[in-house]
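Remember, predicted model here, so these are calculated numbers, not experimental data. What's counted below: heavy atoms across the whole structure, side chains too, no hydrogens, waters or symmetry copies. Lettering of chains follows the sequences in order, A, B, ..., and the numbering in each one begins at 1.
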2 protein chains.
Amino acid sequence: MEHLLRSVKIEINDKIYVKDPESSDLGKRIIEKSILMISEMGFESFTFKKLGTKIGSNESSIYRYFENKHKLLLYLTSWYWGWLEYQLVFTTNSIADTKRKLEKAIEIVTKTTVEDSSFSHINEVLLSSIVINEYSKSYLTKEVDVENKEGYFVIYKRLVTRLSAMIREVNADYKYPNSLASTILEGSLHQHFLKDHFSSLTDCHKDVDPTRYFLHLVSTILK
Amino acid sequence: MEHLLRSVKIEINDKIYVKDPESSDLGKRIIEKSILMISEMGFESFTFKKLGTKIGSNESSIYRYFENKHKLLLYLTSWYWGWLEYQLVFTTNSIADTKRKLEKAIEIVTKTTVEDSSFSHINEVLLSSIVINEYSKSYLTKEVDVENKEGYFVIYKRLVTRLSAMIREVNADYKYPNSLASTILEGSLHQHFLKDHFSSLTDCHKDVDPTRYFLHLVSTILK
DNA sequence: ACAAATATAATAGTATTACTATCATAATAT
DNA sequence: ATATTATGATAGTAATACTATTATATTTGT
């Protein structure tokens with residue numbers, strides 16, 4: 001994935017931040033170190049004060065970039081979904097066969113993230129662990145509807161919609177393309193979580209990953 | 001479901017509470033009102049201080065029942081899963097045909113909760129909305145592994161295991177019974193959430209509920 | 001009926017969180 | 001060289017998530 005991504009910027013809804021963190025060195029440090037800290041200590045223990053100390057800066061300076069840590073989480077997860085979307089579009093674009101195209105798409109969105117250094121200040125492996133462990137918390141709030149209207153979840157929604165469209169291309173008669181698409185995305189995060197913490201509740205592990213499970217599931221459903 | 005449940009007590013791991021809330025009037029009021037409050041204001045805004053005011057009692061008295069609100073959430077959700085498990089076992093027990101048995105099980109665990117007054121102080125409809133909106137937060141923590149070892153999630157795990165066993169009875173060759181079972185349970189909560197907040201990401205709505213989607217999915221997969 | 005035990009209530013206090021506001025200083029742009 | 005903008009330092013506030021202590025009910029055992 002390295003090649004093109006170096007010159008691509010993932011566009012995030014500018015209502016999510018006060019000041020674009022990509023626009024300065026301090027902003028990039030905020031992103032870089034918050035990924036390290038949230039993946040290490042979890043979202044609830046993470047605070048702007050601690051982040052300030054870590055980046056050798058001040059709590060008040062961080063507030064100039066993000067209103068609160070919830071918005072920062074929205075930023076990070078949006079970035080992740082945008083990164084996946086880019087890979088999805090780029091990789092499947094040239095595939096004509098609808099089945100192979102959908103297969104490739106499922107592989108991309110369900111696979112375990114391993115190493116990638118396209119964005120120097122963003123550790124995609126740690127970021128994907130944040131998405132697995134914290135993404136639900138970004139929308140399971142009393143403010144979802146307002147924030148959804150503000151467009152805070154557009155990238156994720158677009159990703160589900162793209163998957164859904166590919167599903168329909170394979171089988172136009174299938175009645176639940178949206179539900180299946182959202183099940184794949186959300187279910188994949190869940191299976192990844194289960195394999196790390198509730199191994200008895202999943203058949204996924206080192207060798208048999210969530211990708212295999214979902215590839216089999218989807219191909220059977222659309223047959 | 002009314003009949004038998006009146007004389008049944010749902011057993012919750014006694015490490016979850018300091019003092020059994022079922023053992024006193026105050027305890028029952030804590031459960032009753034916390035369900036109302038959490039469903040109304042969301043888990044993050046809910047505090048023991050506010051609950052104290054609501055039940056005409058004192059913050060410090062609530063701490064005699066639960067160490068913190070996280071434990072209270074574990075209690076409430078465990079109760080919910082125990083309640084579902086009871087219905088599952090009771091209803092499917094007499095069904096000999098493995099397919100019909102699994103179908104019935106899926107209906108029970110994925111359906112929208114409507115009215116039930118078996119437990120006077122517990123509003124199952126509101127409780128199910130709490131499970132949909134907050135359950136993930138109970139395990140997406142840095143303490144999962146410790147708490148899992150303490151047995152805080154046994155009821156939920158048992159429910160997944162039961163479903164998984166029924167899946168295997170229908171098709172012993174299917175490779176992912178555990179993943180499918182956990183996908184049904186978690187995915188059902190997710191589809192319910194989507195239909196309320198992200199309707200474009202699901203095909204479920206008033207008439208076509210998550211039950212239909214999962215019934216079709218599972219029957220196709222195990223064919 | 002009375003003392004002892006237990007449950008609940010009231011009050012106070014602490015460290016931390018999630019901010020806001022103000023002012024000083026450093027970097028950069030014109 | 002000056003004005004603008006970005007960052008840093010400090011202080012302050014209300015709320016949270018508790019703990020500790022003491023007082024007052026209520027229940028129970030004899």
Side-chain angles (χ1 to χ4, degrees), chain A residues 14-34 37-38 40-76 121 134 137-138 141-143 146-147 152, chain B residues 14-34 37-38 40-76 121 134 137-138 140-143 146-147:
Chain A
D14 61 14
K15 284 182 199 143
I16 289 181
Y17 48 75
V18 181
K19 179 181 174 175
D20 185 0
E22 286 296 318
S23 71
S24 74
D25 185 65
L26 177 62
K28 284 176 193 154
R29 261 155 57 225
I30 288 173
I31 299 306
E32 179 182 5
K33 299 298 182 192
S34 66
M37 290 182 80
I38 294 173
E40 196 179 302
M41 66 204 281
F43 187 64
E44 357 292 327
S45 300
F46 169 80
T47 70
F48 279 2
K49 186 156 202 184
K50 290 174 187 169
L51 177 59
T53 307
K54 187 87 163 193
I55 63 181
S57 175
N58 202 272
E59 200 189 355
S60 59
S61 302
I62 300 166
Y63 279 102
R64 292 218 184 71
Y65 286 84
F66 294 99
E67 272 178 64
N68 49 51
K69 68 176 182 171
H70 172 244
K71 290 281 182 82
L72 172 58
L73 180 62
L74 285 172
Y75 181 91
L76 295 177
H121 61 300
E134 324 285 358
K137 298 170 192 169
S138 77
T141 68
K142 281 289 162 184
E143 297 79 33
V146 180
E147 297 193 344
Y152 294 0
Chain B
D14 62 14
K15 283 183 200 145
I16 288 181
Y17 49 75
V18 181
K19 180 181 173 176
D20 185 359
E22 286 297 317
S23 71
S24 75
D25 186 66
L26 178 63
K28 283 177 192 152
R29 262 155 56 224
I30 289 173
I31 299 306
E32 180 182 4
K33 300 299 183 191
S34 66
M37 292 182 79
I38 294 173
E40 197 179 301
M41 65 205 281
F43 187 65
E44 357 292 325
S45 301
F46 169 81
T47 70
F48 278 2
K49 187 157 200 181
K50 290 174 187 169
L51 177 59
T53 307
K54 186 87 164 194
I55 63 180
S57 176
N58 202 273
E59 200 189 355
S60 59
S61 302
I62 299 165
Y63 278 102
R64 291 224 182 66
Y65 286 84
F66 295 100
E67 272 177 65
N68 49 52
K69 67 175 182 173
H70 172 244
K71 289 280 182 83
L72 172 57
L73 180 61
L74 285 172
Y75 181 90
L76 295 177
H121 61 300
E134 323 286 0
K137 299 171 193 169
S138 77
L140 293 177
T141 68
K142 280 289 161 185
E143 296 79 34
V146 180
E147 297 192 344

Closest contact, heavy atoms only, S34(B) versus L51(B): N-CD1, 3.7 Å
For atom CD of E44(A) and atom P of dT16(C), their distance in whole Å: 18 Å
Sugar-phosphate only, base, or nothing, as touched by K49(A) at under 4.0 Å among non-hydrogen atoms: nothing
S24(A) to G27(A) - nearest heavy-atom pair and separation: OG-N, 2.9 Å
Spacing of K69(B) atom NZ relative to dT17(C) atom C1', expressed in whole Å: 13 Å
H70(A) or G56(B), whichever maps to the more 5' nucleotide of DNA chain C: G56(B)
Sugar-phosphate, base or nothing in reach of S61(B), heavy atoms under 4.0 Å: base
Neighbour count above 12 (heavy atom, 6.0 Å) for K69(A) NZ: yes
Whole angstrom value for the distance that separates C1' of dA18(C) from CG of L73(A): 16 Å
Minimum heavy-atom distance F66(A)-F48(A), with the two atoms named: O-CE2, 3.6 Å
Whole-Å gap separating P (dC19(C)) and CG (N68(A)): 5 Å
Side-chain N or O of S24(B) closer than 4.0 Å to phosphate OP1/OP2 of dT8(C): yes
Smallest separation among heavy atoms of S45(B) and K50(B), with atom names: O-NZ, 2.6 Å
Terminal axes of the helix from dA1(C)-dT30(D) to dT30(C)-dA1(D) (five pairs each): angle between them, nearest 10 degrees: 20°
Qualifying residue for side chain to side chain contact (heavy atoms under 4.5 Å, CB included) with L72(A), from F46(A), F43(A), Y65(A): F46(A)
Gap between atoms CD1 and C1', on I55(B) and dA9(C) respectively (whole Å): 12 Å
Flag if over 12 foreign heavy atoms under 6.0 Å of NZ, K49(B): no
Between protein and nucleotides 20-29 of chain C, what N or O pairs are separated by less than 3.5 Å?
none

Contact boundaries on DNA chain D for chain A, cut-off under 4.0 Å to non-hydrogen atoms: dA6(D) to dT10(D)
Trace of the side-chain contact (heavy atoms from CB on, under 4.5 Å) decision for E32(A) with K54(A): CA-CA 11 Å; E32(A) 179 182 5; K54(A) 187 87 163 193; over 6 Å; no
Worked check of side-chain contact (heavy atoms from CB on, under 4.5 Å) between I31(A) and Y75(A): CA-CA 9 Å; I31(A) 299 306; Y75(A) 181 91; 3.5 Å; yes
Sugar-phosphate, base or nothing in reach of F66(B), heavy atoms under 4.0 Å: nothing
Spacing of CD belonging to E147(B) relative to NZ belonging to K15(B), to within rounding of 0.5 Å: 11.5 Å
Between dT17(C) (P) and I62(A) (CD1): distance, integer Å: 13 Å
Over all atoms of both residues, closest heavy-atom pair of E134(B) and E44(B): OE1-OE2, 3.9 Å
CG-OG1 distance between N58(B) and T53(B), expressed to the nearest 0.5 angstrom: 8.5 Å
Rounded distance (Å) that lies between atom P of dC19(C) and atom CG of L51(A): 14 Å
Phosphate OP1/OP2 of dT17(C) contacted by K50(A) side-chain N/O (<4.0 Å): yes
